[in-house]
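Proteins get letters first, then strands, A, B, ... in listed order; numbering begins at 1 in each. Every heavy atom of this structure was used, including side-chain atoms; hydrogens, water molecules and symmetry mates were not.
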There are 2 protein chains.
Amino acid sequence: MNAIDNEKQAVVRLAERFGRVRDAHQREQAEDYVELIADLIDGHGEARVVDLAGRLGVTNATVNNTIHRLQRDGLVTSKPYRSIFLTEEGRKLAESARERHRIVRAFLVALGVDADSAEADAEGIEHHVSDATLDAFRRYLGHADAREAKPGSFRGARQGGA
Amino acid sequence: MNAIDNEKQAVVRLAERFGRVRDAHQREQAEDYVELIADLIDGHGEARVVDLAGRLGVTNATVNNTIHRLQRDGLVTSKPYRSIFLTEEGRKLAESARERHRIVRAFLVALGVDADSAEADAEGIEHHVSDATLDAFRRYLGHADAREAKPGSFRGARQGGA
DNA sequence: CACATAAGTTAGTGAAGGCTAATTTTTATA
DNA sequence: TATAAAAATTAGCCTTCACTAACTTATGTG
Ligand SMILES: [Mn+2]
Ligand SMILES: [Mn+2]
Ligand SMILES: [Mn+2]
Ligand SMILES: [Mn+2]
């Protein structure tokens, strides 16, 4: 009886994993948008549809649709023909997405992946990294830092910003 | 003029990255399906709609639709009410997806992530890993193997198959 | 072999996330 | 300040990937 029961358990766990990946994909769009919007606001003073469209590689019309969805979901506010703002919830999501993105990118670089590939892969991987994995990445970054800090220098150089 | 040009270049590169992630998401469904189908064929002798549905956590109807799409795309063959087979192309895709999955999972475990989280995260991450990153994972696994291989033993134990 | 149950299929629905084309509003400039 | 250009919106279309409900086919059991 254990053989069959184990098999059933394994099937259920598999299904749960696939379900979690589907959930991550649902959040992904929102995370990328609010992260980008935060970057634009912080770096340009405002986030406009045309800026998002250019950076995402989609049309203005597509961005417009998505912004409406994000507004419906309480992550942004926007008035017709005006620029886009983050709600408090949106800002929080943006910060955490940004942090995760930063760590994943830095981790890949520390592991020896070239900067371009690291940046490209991080854009996808960031949405599929659990807290457990993120912690492991952080640990590795700590060790990598310590390893490359030359004895005598006060602190090892952090990652080489692009 | 370089300031503005650089900015434009950065925007284009960002857009390309997001485009690549969108492409990966399009391939993702196909990869997971053929990998699962290969596992079922190799482990159970055949792959049936009901098995896929149970393991993916979706309904039979959903699997049916997807199988039609995969058949249209030349990855599987199937006749009404019969089980599903991989084309040569489908089998190749399955093997490479399986290999990538295996490496990503083993890498996360070697990095210190618990087995459950590693398995869950690998299911999403596997689709966003470039060859460059996969190589870095392989290198790390090689080192990890070497590190934990006790001097005197011929070859360190490879990953503990689930 | 009849017939109940399991498996597979079909039809219809809906949201997400893309697109183009046409229109409206805002912004910049002659 | 007219008017041209840029930006945003709307409308309509398409594919993917989910679902439920109803139906058909296959399978297994008494
Ligand atoms: Mn990101
Ligand atoms: Mn991303
Ligand atoms: Mn897989
Ligand atoms: Mn997967």
Worksheet item: Can you name the residues that form a side chain to side chain donor-acceptor pair (under 3.5 Å) with A:R17, not counting sequence neighbours?
Response: none
Practice prompt. Taking heavy atoms of chain A and a 4.0 Å limit, find me the 5'-most and 3'-most nucleotide of DNA chain C within that range.
Written response: C:dA16 to C:dT27
Discussion item. Quick check on contacts: within residues 25-34 of chain B, what sits under 4.0 Å from DNA chain C by heavy-atom distance?
Written reply: none
Practice prompt. Using heavy atoms and a sub-4.0 Å distance, could you list which residues of residues 46-56 of chain B are near DNA chain C? By number, please.
Written response: B:R48, B:V49, B:V50
Please list all pairs meeting salt bridge (charged side-chain N to carboxylate O under 4.0 Å, His left out) that have one or both residues in [range], counting only residues at least two apart or in different chains.
range                       : value
residues 125-138 of chain B : B:D135-B:R138
residues 49-74 of chain A   : A:R55-B:E7
residues 81-91 of chain A   : A:D42-A:R91, A:R91-A:E95

Pairwise N/O distances under 3.5 Å, protein to nucleotides 11-13 of chain D:
none

Worksheet item: Does A:V11 sit in a hydrophobic cluster with other residues, and if so which ones, taking ILVMFWY side chains as linked at heavy-atom separations under 4.5 Å, directly or through other members?
Response: none
Practice prompt. List for me each residue that meets side-chain contact (heavy atoms from CB on, under 4.5 Å) alongside B:S117, sequence neighbours excluded, and say none if there are none.
Written response: A:S130, A:A132, B:V113, B:D114
Discussion item. Can you give me the bend angle of the helix from C:dC1-D:dG30 to C:dA30-D:dT1? Use the axis through the first five pairs and the one through the last five, nearest 10 degrees.
Written reply: 10°
Short N/O separations, protein against nucleotides 2-4 of chain D, under 3.5 angstrom:
none

